Amino acid sequence: MHPGNLTKVSEFILEGVFDNNHLQGLYITISLCLYLTAALSISFVIIATFVHPPLHTPMYFFTSNLGILDLVGISSVLPKILENLILGKYTISFEGCVAQIYTFTFSGSTELILLTVMSYDRYVAICQPLHYAAMMSKGTCISLVAGVWAIGTINSLINTLLVAQLDFCGPNLVQNFLCEIPPVLALSCSSTYLSEIMVYMADIILGMRSFLLVILSYCLIISTILKIQGSAGKQKAFSTCSSHLAIVGLFYSTIIYTYIQPTSTPLRKKKKPVSIIYTLVTPTLNPLIYSLRNKVIKAAFWKIVPFHKTH
């Protein structure tokens, strides 16, 4: 088609998160509860990390950054879902779609690298305890987090700009309830070769490398824990990384299944349930996983809440 005859797509149509339109009120309530739960629990973990001295450690510093990324990710998706549910109109402007791609890609890719840094932190804490204070100093932690955010920003910016310069002149139904790179690329009427190459490079360089580093860290951690004498010592060592391990497992199991596929793979039936998990459920569960079994965070909660009683 001649460039002059192209009709630019000004908006995209999103699929609904839920299929039964007769239960809109219930879906709005569920979505709102998920968002409030995530926002409040994440905000508490972040505030507690700053105001409660026992939480002034590398592990909780990384955890607060993880919370910020979770909040950015869920805030890029859930408010739009709520808007669409309330209005009954599942559309998003081209500019809004590009902005959602950038924000969601940023939070996901940055969290991917941050989880790798957190696994390194747990490795040093368990395998090199005598050198932990020196190896994970305040300056080192700040530098690591700055590097993580910089890489995530650059990666998402490059991939988003490549999508934004594509031509969209035909079907505008995104086979998902949010704008992500793979389903949006499938709608382009121009060549997506460069964008697909960059996506696969990010999968390999960021995704696979991070995954292998996490596996390596935990192989060394488990090896060290098994050498500890006594079950109490082993249990104590494992408890310091069990929450992180649970979050890593949840994160990678959904992300790898969703993204390590060609853009031609049918998206709706395979990806929608998984997309719901990693976009809505995982950010809600992450702060709960870290706080429910953590005595230090529980203590911080009772110190921060205004209605707590002093015994």
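Quantities reported herein were computed from a predicted structural model and do not represent experimental measurements.
Both L36 and I81 belong to a common hydrophobic cluster when Ile, Leu, Val, Met, Phe, Trp and Tyr are linked at side-chain heavy-atom distances under 4.5 angstrom. Note on V248 and V124: same hydrophobic cluster, where clusters join Ile, Leu, Val, Met, Phe, Trp and Tyr whose side-chain heavy atoms are under 4.5 Å apart, directly or indirectly. Follow the hydrophobic side-chain contacts under 4.5 Å out from I28 and you reach Y90 in the same cluster. I222 and I215 fall into different hydrophobic clusters, where Ile, Leu, Val, Met, Phe, Trp and Tyr residues are linked whenever their side-chain heavy atoms come under 4.5 Å apart, directly or through other members. Cluster annotation: I142 and M118 are assigned to the same hydrophobic cluster (Ile/Leu/Val/Met/Phe/Trp/Tyr, side-chain heavy-atom contacts under 4.5 Å, transitive).
In this structure, the side chain of K138 does not engage the main chain of P58 through any donor-acceptor pair within 3.5 Å. Listed for the T105 side chain is no donor-acceptor partner under 3.5 Å among the backbone atoms of Y102. Counting only distance, with no hydrogens or angles, the side chain of S239 and the backbone of K236 share a donor-acceptor pair below 3.5 Å. Formation of a donor-acceptor pair under 3.5 Å by the S119 side chain with backbone atoms of T116 is found in this model. A distance-only check finds a donor-acceptor pair linking the side chain of S156 to the backbone of T153 [under 3.5 Å]. Without hydrogens or angle criteria, T49 side chain to V45 main chain gives a donor-acceptor distance under 3.5 Å.
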(request) Show your working on side chain to side chain contact (heavy atoms under 4.5 Å, CB included) between H244 and Y218 and close with a plain yes or no. (result) CA-CA 11 Å; H244 176 259; Y218 272 100; 2.5 Å; yes
(message) Is there a side chain to side chain contact (heavy atoms under 4.5 Å, CB included) between F104 and C179? Walk through the geometry before answering.
(response) CA-CA 9 Å; F104 193 74; C179 286; over 6 Å; no
(request) Take L78 and S31 through the side chain to side chain contact (heavy atoms under 4.5 Å, CB included) test and state the conclusion after the steps. (result) CA-CA 7 Å; L78 253 179; S31 300; 3.7 Å; yes
(request) Output, in order, the C-alpha distance, side-chain angles, deciding distance and verdict of side chain to side chain contact (heavy atoms under 4.5 Å, CB included) for I247 and Y252. (result) CA-CA 9 Å; I247 290 174; Y252 275 104; over 6 Å; no
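The minimum heavy-atom distance between E15 and L173, with the atom names listed, is CG-CD1, 4.3 Å. Closest heavy-atom contact between N176 and P183: CB-CG, 4.5 Å. For the pair S188 and L166, the tightest heavy-atom approach, listed with the atom from each and the gap, is OG-CB, 3.7 Å. When all heavy atoms of M198 and I158 are compared, the pair lying nearest together is CE-CG2, 3.7 Å. Nearest heavy-atom pair across F61 and C141 is CE2-O, 3.6 Å. What you find for N159 and S195 is that their closest heavy atoms are OD1-O, 4.4 Å.
Side-chain contact between R122 and I221: present, with at least one pair of heavy atoms (C-beta onward) separated by less than 4.5 Å. Looking only at side-chain heavy atoms (C-beta outward), Y123 and M135 stay at 4.5 Å or farther from each other. Counting heavy atoms from C-beta on, the side chains of C97 and V184 come closer than 4.5 Å. Side-chain contact between F106 and T160: absent, with no pair of heavy atoms (C-beta onward) separated by less than 4.5 Å. When side chains are defined from C-beta on, Q100 counts as touching L178, because their heavy atoms get closer than 4.5 Å. Within the 4.5 Å cutoff, no side-chain heavy atoms of V117 are placed close to those of Y120. Within the 4.5 Å cutoff, no side-chain heavy atoms of F50 are placed close to those of L55. In this structure, the side chains of K89 and N84 stay at 4.5 Å or more apart for every pair of heavy atoms.
Between F12 and F168, the ring-plane angle classifies as perpendicular under the 30° and 60° cut-offs.
Between atom CD of residue E111 and atom CG of residue L66 there is a gap of 4.5 Å, rounded to the nearest 0.5 Å. Between the CZ atom in R209 and the CG atom in L112 there is a gap of 12.0 Å [rounded to 0.5 Å]. Between the CG atom in L220 and the SG atom in C127 there is a gap of 5.5 Å [rounded to 0.5 Å]. With values rounded to the nearest 0.5 angstrom, I74 atom CD1 is found 6.5 Å from I42 atom CD1. Expressed to the nearest 0.5 Å, how far CG of L162 lies from CG of L185 amounts to 9.0 Å. Between L280 atom CG and T37 atom OG1 the span is 12.0 Å, to the nearest 0.5 Å.
Defined by atom type and a distance below 3.5 Å, a donor-acceptor pair is present between the side-chain atoms of Y35 and S75. Judged by distance alone, the side chains of Y132 and D121 do bring a donor and an acceptor atom under 3.5 Å apart. Checked by atom type, the side-chain pair T140/S137 shows a donor-acceptor distance below 3.5 Å.
Atom CD of E11 sits in a crowded spot, with more than 12 heavy atoms from other residues, nucleotides or ligands closer than 6.0 Å. No more than 12 heavy-atom neighbours from other residues, nucleotides or ligands sit within 6.0 angstrom of CD on Q229.
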